[in-house]
Structures are given as C-alpha cells and as structure tokens.
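By convention in this document, chain letters (A, B, ...) are assigned in the order of the sequence lines, proteins followed by strands, and residues within each chain are numbered from 1. Note that this is a predicted model, so its numbers are computed, not measured.
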Amino acid sequence: MAKLIGNYTVAGQTAENVKPDQTDATEREKAEGAHQAQVSEFERRAMGKLGGSIAFVMKGKNVLWTGDKAASPSKGTGNEK
Amino acid sequence: MDLVAQATFQKTAEIGFAHAKQNLPYMKQTVLDLPPTSPEKGASAISMAAGPSLHRRETIQKIKQLNYQGTLVVADGAMGHCLRNGVIPDYVVCVDPHPTWIIRWFGDPDLAKRADDDYFRRQDLDPALNTKERERNDELIRLVNEHGHKIKVIMATCVAPNVVARCREAGMPLYWWNPICDDYDAPDSHTRRLYDLTGMPCMVTGGNGGASAWIFANAILEKSPVAFVGMDLGYAPGTPLSKTQYYHELIKFYPEDRLSEAYIEIHNPYLNETWYTDPTYYWYRQCFLDVVKQSGWTAYNCTEGGTLIGEGIEWMALEQFIKEQQGSSQLSAVS
C-alpha cells in the first residue's frame with residue numbers, strides 16, 4: 001500500500017518521498033513555517049474554547065496592585081518573609 | 001496547564017480591554033471605596049461558587065438553618081441560587097468577560113433573542129437552569145430587580161457592558177477593580193494598560209469568579225477566617241462526561257471512545273470518593289492552590305465535595321465552621 005503523505009512532512013519521511021520542489025532548503029523552511037503557523041493557529045483557536053474565565057498570575061505575595069504611586073504600593077498579604 | 005493559562009489570556013485580554021473602554025463612564029467607585037461591613041457581621045466570611053456540591057450538600061439550606069450572621073460573598077453564578085432560596089448575599093463578584101453568558105446570572109432580558117446555547121443546560125451547576133429556562137430566567141429577573149439594590153457588585157472592568165447595564169437597571173451598586181492578568185512590571189503589560197485606562201485598583205483573580213470571591217473577602221474585606229463553599233472544581237463520581245462544562249470542546253480533540261483520557265481523576269480522602277476534573281477545572285484548581293500557598297491565608301474548604309485539597313486548605317464541615325464562628329461572635333459580644 002502506498003504511503004499517504006499530505007502537504008506536510010511526517011516523522012520518518014524520507015527524501016525520496018519528498019516532492020522535488022520541496023528539496024530546496026529555503027522552500028522547505030517556508031513550507032514548514034507556514035505549516036507551523038497553521039498548527040499554532042489551530043491550537044490557539046481550539047484552546048481558546050478551553051480557556052478559563054479570566055487570566056491568573058500572582059507576583060510574590062501581592063494580591064493587590066494600585067499603580068506605581070509611592071503612597072499606594074502593591075498590597076501584600078502580610079506574610080512576607 | 002501552561003496552554004490553558006495562555007488560552008485564557010488570549011481569550012479574555014483584548015475583549016476585556018474593549019469592554020473596559022465601554023464601561024469607563026460607569027466607573028465611579030472602586031473596591032477600595034467599600035464601606036466596612038457592620039460589626040454584627042463579625043470577622044468571618046463565606047465565599048460561594050456554583051459547583052455541584054452547592055446542591056448536593058444543600059449548602060444554602062444549612063446557611064439558613066444555622067442562621068449564619070457573617071459576610072456572604074458569592075460568585076455571579078451562585079447568586080440566583082441564593083435568591084431563589086431566600087438568601088441575599090452581601091456581595092456578588094463578577095469577572096468573566098464573556099459577552100453573552102454572564103448576563104444570564106443576573107436574568108437576561110434578551111434571552112429570547114440569543115442563539116440557542118446549551119451551556120447552562122449541559123452542566124448541573126444550577127439545576128434550576130436545566131428545565132424551564134425561560135421561566136427561570138424571568139423569575140431571576142424579578143428577584144434581581146427586587147433585591148439587587150441590597151447587593152454590592154464587585155465588578156471587574158473587563159466584564160461585558162450588557163452585564164453592567166443589567167446591574168445598573170436593577171439598582172445594584174457597582175465597585176470596580178481590574179483583574180491582574182500578567183506581570184504589571186513587564187513592558188507592554190496588559191494589566192498596566194488596564195490600570196492606565198481605568199485607574200481602578202488591580203486584584204489577583206484566581207482564574208474564575210469563585211476564586212476571586214474568596215480573594216476579595218480576604219484582601220479587600222480583610223475577613224478571617226474565610227471559608228469557601230460550592231467550589232468543587234470537578235465532577236462527582238457518576239457524572240456523565242456529556243454533563244461536564246467543556247464536553248463540547250474536548251470531544252473535538254478526542255474520539256468518543258477515548259474521551260475519558262481528557263479527564264483527570266482525583267481521590268478525595270476526606271470523602272473516600274474519586275472525583276474527576278477536566279483540563280480547565282484542573283487549571284482553576286492549580287491557580288487556587290497557588291493563591292493559597294503564596295498568600296499564606298488559610299482556606300477553609302466547606303464545599304463537602306470536589307477536588308480542592310492541598311497545602312493551606314483546611315477541610316471542614318460547613319456546620320462546624322458556622323457554629324465555631326457563631327460561638328466566637330457571642331464571646332466577642334460578651335467580652
């Protein structure tokens with residue numbers, strides 16, 4: 001049975017399976033770049049559906065931040081060591 | 001878990017910023033302007049999310065029967081359940097910028113015009129929404145209109161303008177804050193951009209409304225101890241996969257016969273039950289464990305179900321927590 005190869009490279013793909021116009025390194029890099037971009041876009045859209053309600057980060061023990069004003073520093077939890 | 005974190009940021013940051021721009025005219029008070037809670041409320045608080053244990057464990061009924069006098073902070077998704085059962089929370093926390101889902105928690109006047117969406121029917125977070133959706137929505141509109149003025153809304157700047165309009169229509173007082181979404185000291189920080197736009201104080205979120213409610217009770221109200229209820233971050237044994245919140249998304253990644261591989265089992269030693277969770281809820285769980293660990297605050301888990309077990313989390317029956325707080329309030333009053 002002939003090995004089915006799509007418009008992307010797969011693990012174990014040999015040079016003879018590759019179309020001649022893809023043997024050029026620059027073209028190959030372009031193709032891989034485009035493929036990677038497609039994969040990234042797919043993952044981005046798919047994961048967007050699985051994302052949570054709101055982003056989360058926490059810097060040290062600071063739970064509040066009120067800008068850079070000297071009089072109102074970020075508020076910690078009082079447990080800084 | 002990094003993927004879920006990145007996806008959440010990508011999904012919410014820009015739309016949240018656009019919402020904040022539209023909400024600007026209504027940002028009159030911040031969470032730092034909140035009046036202190038009355039002395040009768042005591043030092044404790046309960047934060048409430050809308051997980052399945054809220055119904056399985058009859059949490060609201062216990063709060064009523066035990067006549068809990070402390071402060072009640074609820075995530076928006078839990079407010080309707082409170083109102084339907086005759087409990088008026090002190091605060092409702094709203095943080096998710098989704099453009100059409102969140103208004104449902106306040107009663108959606110435009111429900112009939114929305115595209116059909118089984119988001120609410122598919123989950124058992126609030127079984128009241130599983131049947132008679134229209135009637136339940138109308139009921140919630142009435143309840144929020146009647147009691148809304150007594151409930152302070154802890155409103156994130158990123159929330160959809162239709163939610164803000166609904167709260168204003170119901171006479172709910174709004175107190176604003178920005179969600180901390182990234183490193184505010186980093187160049188091109190999204191959080192700093194929100195702060196520069198709105199001038200509102202910024203608060204850590206925990207990733208969802210339930211976690212934000214618990215953080216708010218600790219950080220802004222400075223309550224201690226703070227228990228949480230209804231925060232399962234998982235599904236009870238026997239829950240069909242099709243009833244889980246992200247089922248429709250996960251089925252796109254996994255064939256039906258391998259779908260269970262997308263879920264994570266967590267044994268709860270207090271219940272001797274094995275619950276399970278999905279990638280997004282597992283991310284919420286990790287976020288909450290991080291907040292508890294980094295803040296040093298003790299979190300009293302009175303959910304009586306779920307997957308939230310870890311360092312800094314004290315598992316406790318809700319009845320015990322309430323009785324201990326009522327006892328300490330009486331002692332304070334005597335001394």
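- Neither the backbone nor the side chain of B:Asp278 has a heavy atom closer than 4.5 Å to any heavy atom of chain A.
- In this view, B:Arg193 and B:Glu14 satisfy the salt bridge (charged side-chain N to carboxylate O under 4.0 Å, His left out) rule, not counting sequence neighbours.
- Heavy atoms of B:Val291 lying under 4.5 Å from chain A belong to its backbone as well as its side chain.
- For B:Asp188, the CG atom counts as loosely surrounded, since its 6.0 Å shell holds 12 or fewer non-hydrogen atoms of other residues, nucleotides or ligands.
- Among the candidates B:Gly207, B:Cys181, B:Pro201, the residue making the largest number of heavy-atom pairs closer than 4.5 Å to chain A is B:Gly207.
- In this view, B:Asp183 and A:Lys59 satisfy the salt bridge (charged side-chain N to carboxylate O under 4.0 Å, His left out) rule, not counting sequence neighbours.
- Considering B:Thr205, B:Thr30, B:Thr198 in turn, B:Thr198 is the only one that fulfils the side chain to side chain donor-acceptor pair (under 3.5 Å) rule with B:Asn178.
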